[in-house]
Colleague: 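So that we are looking at the same thing, I have put the structure below in C-alpha cells.
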Amino acid sequence: MKNQYITDTNGRKISVILPVREYEKMMKQLEELEDIKAFDEGMKNETEEISIHETFREIESLRHDLGR
C-alpha cells in the first residue's frame, strides 16, 4: 500500500489517507489489543481465580467505560 498524506502549507504531514478496509483492519486490531490489555490488568489485580465468564464481563465493562 502506498501511503498518501495531506500536508500543511509548510509541507509538514498532518493527515494520512487510508483505504477504508485498511482503517477497519487497524481498528479491529486496536480493539483486540485493548481487550488483551484489559484482561492482563484484570489478571494482575486478581488474587483469586474467577471464571472465564466473569473475566469477559469485566472486559466488556471496561470497554463500555472506555466509550466503545
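All values below were derived from every heavy atom in this structure, side-chain atoms included, with hydrogens, water molecules and symmetry-related copies excluded. Residue numbers count from 1 along this sequence.
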Colleague: Can you list everything that forms a side-chain contact (heavy atoms from CB on, under 4.5 Å) with Ser51? Sequence neighbours excluded, please.
Modeller: His53, Glu54
Colleague: Leu33, Phe39: one ILVMFWY side-chain cluster at the under-4.5 Å cut-off?
Modeller: no
Colleague: Distance-only, no hydrogens or angles: does the Asn10 side chain make a donor-acceptor pair with backbone N or O of Arg12 under 3.5 Å?
Modeller: no
Colleague: Taking side-chain contact (heavy atoms from CB on, under 4.5 Å) as the definition, give me every residue that meets it alongside Ser61, ordered by chain and number, with sequence neighbours left out.
Modeller: Asp65
Colleague: Run Ile14 and Thr7 through side-chain contact (heavy atoms from CB on, under 4.5 Å) and show every step you take.
Modeller: CA-CA 5 Å; Ile14 57 172; Thr7 58; 5.7 Å; no
Colleague: Going by salt bridge (charged side-chain N to carboxylate O under 4.0 Å, His left out), name the residues that satisfy it together with Arg21, two or more places apart in sequence or in a different chain.
Modeller: none
Colleague: Is there a side-chain contact (heavy atoms from CB on, under 4.5 Å) between Asp35 and Arg63 once you walk through the steps?
Modeller: CA-CA 8 Å; Asp35 289 348; Arg63 287 175 73 196; 2.9 Å; yes
Colleague: Mind running salt bridge (charged side-chain N to carboxylate O under 4.0 Å, His left out) on Glu60 and Arg57 for me, showing each step along the way?
Modeller: CA-CA 5 Å; Glu60 288 302 316; Arg57 278 194 290 274; over 6 Å; no
Colleague: Enter the distance from Ile59:CD1 to Glu34:CD here, rounded to the nearest 0.5 Å.
Modeller: 12.0 Å
Colleague: Leu18 and Met26: which non-hydrogen atoms are nearest, and at how many Å?
Modeller: CD1-SD, 3.8 Å
Colleague: Side-chain contact test, heavy atoms from C-beta onward, threshold under 4.5 Å: evaluate it for Met27 versus Glu31 and give yes or no.
Modeller: no
